[in-house]
Amino acid sequence: MSGLRMWRLDPGSPHPPFEQIKAQISEGRATGALAAGFRLPPVRRLAEELGLAANTVARAYRELESEGVIETRGRAGSFVTGESVALNTLDTAAALFWAQAQELGFDLSAAGEALRRAGKA
C-alpha cells in the first residue's frame with residue numbers, strides 16, 4: 001500500500017475518525033499490508049486528505065505509538081513497527097505478570113493456568 005488513498009473514513013460509522021484511522025493502520029500492520037518500516041504520511045497531510053483536523057490524526061498516531069503499533073522518529077516521521085517491538089512489549093508484560101505471580105506466592109504452573117483462564121474470558 002502506498003499513498004494517502006489507503007485510508008477511508010466511513011461518515012456513517014459509530015466510531016469516531018481517530019478510531020477508524022487507528023483500526024485501519026493496526027489492521028494493515030496485522031495483515032502485512034503495511035510492512036514494518038512503512039512510513040506513514042505526516043499528520044497534517046493525512047488530515048488534509050481526509051478532511052480532518054490535524055489533532056484528530058495526531059491523536060490516532062499518539063495512541064498507536066503508545067500501543068507499539070507505530071513509532072515516531074522525530075522529524076523523520078512515523079513508521080509501522082515490526083514484530084520485534086510487539087514481542088518486546090509482550091515480553092515486558094510477561095515479566096511484570098511473572099513478578100506479580102511470584103510476589104503473590106504462585107509457581108509457574110499456577111501462573112500459566114491463570115493465563116489460560118484469561119485467554120478464555
Side-chain angles (χ1 to χ4, degrees):
M1 295 177 122
S2 62
L4 299 177
R5 302 243 181 255
M6 68 177 78
W7 291 286
R8 303 255 184 247
L9 296 178
D10 177 3
S13 172
H15 304 287
F18 83 93
E19 286 183 1
Q20 292 182 51
I21 293 167
K22 280 182 58 180
Q24 290 175 42
I25 293 172
S26 293
E27 181 180 329
R29 178 179 176 259
T31 64
L34 297 176
F38 177 85
R39 186 175 188 275
L40 296 168
V43 167
R44 288 184 184 176
R45 196 166 84 206
L46 183 56
E48 183 179 305
E49 178 72 20
L50 296 175
L52 298 172
N55 285 339
T56 301
V57 176
R59 179 178 179 184
Y61 280 22
R62 274 192 314 274
E63 290 189 15
L64 287 165
E65 186 166 27
S66 73
E67 295 167 10
V69 175
I70 69 171
E71 64 180 341
T72 300
R73 301 176 193 160
R75 291 186 132 322
S78 296
F79 299 83
V80 174
T81 60
E83 186 177 354
S84 62
V85 172
L87 285 175
N88 287 341
T89 302
L90 180 61
D91 287 346
T92 300
L96 292 170
F97 171 74
W98 176 234
Q100 181 70 37
Q102 287 178 306
E103 190 175 302
L104 293 169
F106 292 103
D107 64 10
L108 188 57
S109 177
E113 185 56 37
L115 283 174
R116 280 187 283 286
R117 284 193 306 273
K120 292 177 183 177

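Worth saying up front: this structure is predicted, and the values here are computed from it rather than measured. The analysis underlying the following values was restricted to heavy atoms, covering all of them including side chains, and did not include hydrogens, waters or symmetry mates.
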Practice task
Tell me whether Val69 is reachable from Ile21 by hopping between hydrophobic residues (I, L, V, M, F, W, Y) whose side-chain heavy atoms are closer than 4.5 Å.
Solution key: yes
Problem - Closest non-hydrogen atom pair between Ser13 and Gln20, with its separation - result: CB-NE2, 3.5 Å
Exercise for the section: Mind checking salt bridge (Lys or Arg N to Asp or Glu O under 4.0 Å) for Arg59 and listing every partner two or more places apart, or none if nothing turns up? Expected result: Glu63
Exercise for the section: Any chance you could measure Glu113, atom CD, to Phe106, atom CZ, to the nearest 0.5 Å? Expected result: 11.5 Å
Handout entry: Test side chain to side chain contact (heavy atoms under 4.5 Å, CB included) applied to Glu65 - qualifying residues, sequence neighbours left out
Key = Ile70, Thr72
Practice task
Measure the spacing between CD of Glu71 and OH of Tyr61 and express it to the nearest 0.5 Å.
Solution key: 13.5 Å
Handout entry: Partners passing side chain to side chain contact (heavy atoms under 4.5 Å, CB included) against Glu48 (at least two apart in sequence or in another chain)
Key = none
Problem - Single-linkage hydrophobic cluster, 4.5 Å side-chain cutoff, Val80 and Phe18 together - result: no
Fill in the blank from the handout: Smallest heavy-atom separation, Leu50 atom then Trp7 atom, equals CD2-O, 3.5 Å
Exercise for the section: Give the cluster check for Val43 versus Phe38: same hydrophobic cluster or not, with ILVMFWY residues linked at side-chain heavy-atom distances below 4.5 Å. Expected result: yes
Problem - Non-hydrogen atoms of Pro17 and Thr56 that approach each other most closely - result: CB-CG2, 4.0 Å
Completion exercise
Taken to the nearest 0.5 Å, the spacing of Glu49 CD from Leu9 CG works out to 10.5 Å
Fill in the blank from the handout: When every non-hydrogen atom of Ser26 is compared with those of Leu64, the smallest separation belongs to OG-CD2, 3.3 Å
Problem - Minimum heavy-atom distance Ala111-Ala101, with the two atoms named - result: CB-CB, 4.0 Å
Exercise for the section: Go through Leu40 and Leu46 one step at a time and tell me if the side chain to side chain contact (heavy atoms under 4.5 Å, CB included) criterion holds. Expected result: CA-CA 9 Å; Leu40 296 168; Leu46 183 56; over 6 Å; no
Exercise for the section: Any chance you could measure Asn55, atom CG, to Arg44, atom CZ, to the nearest 0.5 Å? Expected result: 9.5 Å
Exercise for the section: Would you check if His15 and Asp10 make a side-chain contact, meaning some heavy-atom pair closer than 4.5 Å? Expected result: no
Exercise for the section: First locate atom CD of Gln24, then atom CG of Leu34, and finally report the distance between them rounded to the nearest 0.5 Å. Expected result: 10.0 Å
Exercise for the section: Kindly give the heavy-atom pair with the smallest separation between Gly68 and Thr81, and that separation in Å. Expected result: O-OG1, 2.6 Å
Problem - Euclidean distance, Arg117 CZ relative to Lys120 NZ, rounded to 0.5 Å - result: 9.5 Å
